[in-house]
Enquirer: 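Next up is a structure, given as structure tokens.
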Amino acid sequence: MIKAVRGTRDLLPPETALWNSAEATVRDVFRAYNFHEIRTPIFESTELFSRSVGEETDIVAKEMYTWEDRGRAQSEKGQSLTLRPENTAGVVRAYIEHKLWEWGLNKLYYIGPQFRRERPQKGRYRQFFQIGAEIIGPASAGSESPARDAEILELLATLLDRLGIKGWSLQLNSVGCAKDRAAYNEALRKALEPVVPRMCVDCQRRAVTNPLRVFDCKVPEDQPIIETLPRISQFLDEPCREHFQAVQEILKSVGVDFQLDDRLVRGLDYYTRTAFEFTHGALGAQNAILGGGRYDGLSESLGGPQAPGIGFAIGEDRLILALQESAETVQPKPDVFIAPLGAGMDREAARLARELRAQNIVAELGDETFRLKKSFEAASRLKARHVLIVGENEVKAGAFALKNQETGEQISVPRANLAERIRGKQ
RNA sequence: GUGGGAGUAGCUCAAUCGGUAGAGCACCGGACUGUGGCUCCGGACGUUGCGGGUUCAAUUCCCGUCUCCCACCCCA
């Protein structure tokens, strides 16, 4: 048997109904904040990701689906392509390619699949879905303003509330600008040097490869040491400090709760200043339901104009998981099951179905070879609200037997009144 | 990529010491020729994840492999 490949999966009804309703809510909220949808290709030039996400990040170094395209001629080599591991790089590429700064401030959102070759576990797949948004534009349009950071965060709080997610919490930090981070990294390395031999093996490795990750350590014995390490907050320059302060003040003013977490660091190279994460308890170790931050230098590093921006990505698979904790997934029910009865009745039933569906009635069709009992059983299984019997008697009379499946009441209804009666009995 | 657990019917699970696979639910048919849910009767249902090994005999023991779950790494 051919099965879905590792880390991919089929989304089946009724779960797809939950995905659709969640996405509908998301689109509603984006609409209220005047965000517009962008759809970028699911594969891009490999270079786009190595330059934006960062050559040394795990994503680029070992998690991308990359292949070499064919050239024009058989012998010619093609370019290196990659299935997108995240969507911000693609959006910024499109921003540059289509000169979107001509529009001033861009507020863009996307919903779509992303790909990373990781070991699958709860809420983590190799093809996974993200809902994300970006605010990007020239600084003169206000893209650098702390008001944008706060707007994004307030939108997210609204979004999670509207979706019915209970018990989320917002972790907030500032990772400063590039030079702050460089100075901090240096200081952190220095501070680690004398103490790291006393720490766990993971920390010893992190100290070399990615010192910031030392803060993720969960070994109790290491915590006192970690407490003594310098924090990024001590290295922010004055403009970054003020920016971060302003973001917090607006959040307080609009009433969005948050926790400062100066251990929160972002994995991707392009992040600057505000960094954040929303977590949810019901997700196991993968407790981050969304993450994001500011990326003021990204456009320039991709050869574009100066275009500060801020964005986020929601792990949709994890969002749905959290939603399933609270919400029951319900299969939508048909309004009517049309039961043709006897030879030739398929034709009549098809005509009726066409008429009813044209009036937005959700209609399911039976088969003239079914005995009536079987039609009713089928209707019950589908949880149809009504059964409409289409037999010779009905066709002759021009009125059809319509049974309400919940009350058991059955009446004869003239053809012209069917849609009204079916709708009215809901 | 690393470590641990699991894989038996569509689903949830059982099978004693190694003796040749079973239940509930679901499905199909009938009782009941134009009226569902309840009941009764009957039916179909399996490459025991896959491949190899040991054995007279493997769902069971051994090796490999795949997939899922949990955790690590990392991240949404």
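In the text below, chain A, chain B and the rest are named by the order of the sequence lines, each starting its count at 1.
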Enquirer: So which nucleotide from B/C73, B/C69, B/A31 ends up closest to the side chain of A/Asp58?
Expert: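 Among B/C73, B/C69, B/A31, the one nearest the side chain of A/Asp58 is B/C73.
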Enquirer: Which residues pass the ring pair (Phe, Tyr, Trp, His ring centres under 6.0 Å) test with A/Tyr109, sequence neighbours left out?
Expert: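 Result, ring pair (Phe, Tyr, Trp, His ring centres under 6.0 Å) vs A/Tyr109: A/Phe30.
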Enquirer: Hey, is the main chain of A/Gly311 close enough, under 3.5 Å, to the side chain of A/Arg294 for a donor-acceptor pair?
Expert: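 No, because the side chain of A/Arg294 does not come within donor-acceptor range (under 3.5 Å) of the backbone of A/Gly311.
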Enquirer: Decide whether A/Glu47 and A/Ser80 meet the rule of one side-chain donor and one side-chain acceptor closer than 3.5 Å.
Expert: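 No, because no side-chain N or O of A/Glu47 sits under 3.5 Å from a partner of the opposite role on A/Ser80.
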Enquirer: In whole angstroms, how far is the C1' atom of B/G36 from the CD atom of A/Glu364?
Expert: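 That distance rounds to 16 Å.
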Enquirer: For a quick test of reading the model: is some side-chain N or O of A/Arg124 closer than 4.0 Å to OP1 or OP2 of B/C70?
Expert: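 No, outside the criterion.
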Enquirer: Between atom CZ in A/Phe312 and atom P in B/A76, what is the gap in whole Å?
Expert: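 Interatomic distance, CZ of A/Phe312 to P of B/A76: 13 Å.
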Enquirer: Given that both distances must come in under 3.5 Å, which nucleotide forms a Watson-Crick or G-U wobble pair with B/G42?
Expert: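 By the stated definition (distances under 3.5 Å), B/C28 pairs with B/G42.
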Enquirer: If you assign A/Arg117 and A/Lys3 each to the RNA chain B nucleotide with the nearest heavy atom, which residue ends up on the more 5' nucleotide?
Expert: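 Nearest-nucleotide comparison on RNA chain B picks A/Arg117.
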Enquirer: Cation-pi between A/Lys374 and A/Phe370: NZ/CZ under 6.0 Å from ring centre and within 45° of the ring axis?
Expert: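 The answer is yes; both the distance and angle limits are met.
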Enquirer: Say we look at B/C66 and B/G51: how far apart would their C1' atoms be, to the nearest angstrom?
Expert: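 The same atom, C1', in both gives a distance of 10 Å.
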Enquirer: Across all strands, who's sitting opposite B/G34 as a Watson-Crick or G-U wobble pair, both distances under 3.5 Å?
Expert: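 B/G34 is paired with nothing.
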Enquirer: How is A/Gln405 classified with respect to the nucleic acid when contacts are heavy atoms under 4.0 Å: base, sugar-phosphate, or nothing?
Expert: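 Result for A/Gln405 = base.
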Enquirer: Taking atom P of B/G34 as reference, at what distance in whole Å does atom CD of A/Glu368 sit?
Expert: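 After rounding, the gap between these two atoms is 14 Å.
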Enquirer: Atom NZ of A/Lys62 to atom C1' of B/C72: distance rounded to whole Å?
Expert: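 Value for this atom pair: 11 Å.
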Enquirer: What is the nucleic acid contact for A/Ala379, judged by heavy atoms within less than 4.0 Å: base, sugar-phosphate only, or nothing?
Expert: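 Answer is nothing: A/Ala379 stays at 4.0 Å or more from every strand.
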Enquirer: Which is more 5' along RNA chain B, the nucleotide nearest A/Gly7 or the one nearest A/Asp317? Just name the residue.
Expert: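 Nearest nucleotide further toward 5': that of A/Gly7.
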Enquirer: So does A/Gln121 get a side-chain nitrogen or oxygen closer than 4.0 Å to the phosphate oxygens (OP1/OP2) of B/C69?
Expert: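 The answer is no; no side-chain N or O of A/Gln121 sits under 4.0 Å from OP1 or OP2.
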Enquirer: Whole angstroms only, please: what is the NE2-C1' distance between A/His386 and B/G37?
Expert: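 So the NE2-C1' distance, A/His386 to B/G37, works out to 17 Å.
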Enquirer: Would one find a side-chain N or O of A/Lys374 under 4.0 angstrom from OP1 or OP2 of B/G29?
Expert: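 For B/G29, OP1 or OP2 has a side-chain N or O of A/Lys374 closer than 4.0 Å.
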Enquirer: Picking from B/G36, B/G34, B/A76, which would you name as closest to the side chain of A/Arg318?
Expert: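 Of the candidates, B/A76 comes closest.
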Enquirer: Considering only atom P, compute the distance from B/G37 to B/C70 and round it to an integer number of Å.
Expert: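 B/G37 and B/C70 have their P atoms separated by 40 Å.
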Enquirer: Is there a Watson-Crick or G-U wobble partner for B/A23 with both distances under 3.5 Å, and which nucleotide is it?
Expert: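 Base-paired to B/U12.
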Enquirer: When you compare B/G5 with B/C63, how far apart are their P atoms, in angstrom units rounded to a whole number?
Expert: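 Straight-line distance between the two P atoms is 12 Å.
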Enquirer: Provide the distance between the two P atoms, one in B/U67 and one in B/C74, to the nearest whole Å.
Expert: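 Roughly 24 Å separates the two P atoms.
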Enquirer: Who passes salt bridge (charged side-chain N to carboxylate O under 4.0 Å, His left out) against A/Arg347, sequence neighbours left out?
Expert: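 Expected list: none.
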Enquirer: In terms of side-chain heavy atoms of A/Ala288, which of B/A76, B/U35, B/G34 is nearest?
Expert: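 Per side-chain heavy atoms of A/Ala288, the pick is B/A76.
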Enquirer: Record whether the side chain of A/Ser380 comes under 3.5 Å of the base of B/G37 through a donor-acceptor pair of N or O atoms.
Expert: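 Side chain to base: no pair below 3.5 Å.
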Enquirer: Partner lookup for B/C68, please. Criteria are Watson-Crick or G-U wobble with both distances under 3.5 angstrom; report none if nothing qualifies.
Expert: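 WC or wobble partner is B/G5.
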Enquirer: B/C28, OP1 or OP2 - any side-chain N/O from A/Arg381 closer than 4.0 Å?
Expert: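 Yes, because at least one side-chain N or O of A/Arg381 sits under 4.0 Å from OP1 or OP2 of B/C28.
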Enquirer: With rounding to the closest Å, how many angstrom separate the C1' atoms on B/U2 and B/C45?
Expert: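 So the two C1' atoms sit 41 Å from each other.
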Enquirer: Ignoring hydrogens, what is the shortest heavy-atom contact between A/Tyr271 and A/Gly293? Give both atom names and the distance.
Expert: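 Closest approach of A/Tyr271 to A/Gly293: CE2-N, 3.3 Å.
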Enquirer: Determine the interatomic distance between P on B/C73 and the same-named atom on B/U16; round to the nearest Å.
Expert: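 It works out to 40 Å between them.
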Enquirer: What's A/Glu86 touching, base or sugar-phosphate or nothing? Going by heavy atoms closer than 4.0 Å.
Expert: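 Counting heavy atoms under 4.0 Å across all strands, no contact is made by A/Glu86.
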Enquirer: On a plain distance test, is the side chain of A/Arg119 in donor-acceptor contact with the base of B/U2 below 3.5 Å?
Expert: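 Counting by modelled atom types and ignoring angles, a donor-acceptor contact under 3.5 Å is found here.
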Enquirer: Can you tell me which residue among A/Lys107, A/Glu154, A/Glu151 is in a side-chain hydrogen bond (donor to acceptor under 3.5 Å, both in side chains) with A/Tyr33?
Expert: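 Filter result, single survivor: A/Glu154.
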Enquirer: Considering only atom P, compute the distance from B/U60 to B/G49 and round it to an integer number of Å.
Expert: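 Comparing P positions in B/U60 and B/G49 gives a spacing of 8 Å.
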Enquirer: Expressed as a whole number of angstroms, how long is the span from A/Leu372:CG to B/G34:C1'?
Expert: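 Atom-to-atom, A/Leu372 to B/G34, this comes out as 5 Å.
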Enquirer: May I have the distance from A/Arg126 (atom CZ) to B/C74 (atom C1'), rounded to whole angstrom?
Expert: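 After rounding, the reported distance stands at 14 Å.
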Enquirer: Sticking with atom C1', work out how far B/A14 lies from B/A9, rounded to a whole angstrom.
Expert: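 That atom pair is separated by 13 Å.
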Enquirer: Heavy atoms under 4.0 Å, any strand shown: does A/Ile131 hit a base, just sugar-phosphate, or nothing?
Expert: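 No contact.
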Enquirer: Using a cut-off of strictly less than 4.0 Å, decide whether A/Arg371 has a side-chain nitrogen or oxygen near OP1 or OP2 of B/G30.
Expert: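 It does, given that an N or O in the side chain of A/Arg371 lies less than 4.0 Å from OP1 or OP2 of B/G30.
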Enquirer: So among A/Arg9, A/Gln130, A/Arg124, which one has a side-chain hydrogen bond (donor to acceptor under 3.5 Å, both in side chains) with A/Asp317?
Expert: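 Of the listed options, the one satisfying the test is A/Arg9.
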Enquirer: Please give, in whole Å, the distance from B/U2 P to A/Glu63 CD?
Expert: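 So the two atoms are 15 Å apart, to the nearest Å.
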Enquirer: Using only side-chain N and O atoms of A/Lys122, determine if any of them is under 4.0 Å from OP1 or OP2 of B/C70.
Expert: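 The answer is yes; a side-chain N or O of A/Lys122 sits under 4.0 Å from OP1 or OP2.
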Enquirer: For the side chain of A/Glu394 and the base of B/G34, is some donor closer than 3.5 Å to an acceptor across the two?
Expert: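 Donor-acceptor pair under 3.5 Å: yes.
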Enquirer: Under 4.0 angstrom, heavy atoms only, what part of the nucleic acid is A/Glu118 near: base, sugar-phosphate, or nothing?
Expert: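 The residue A/Glu118 makes base contact.
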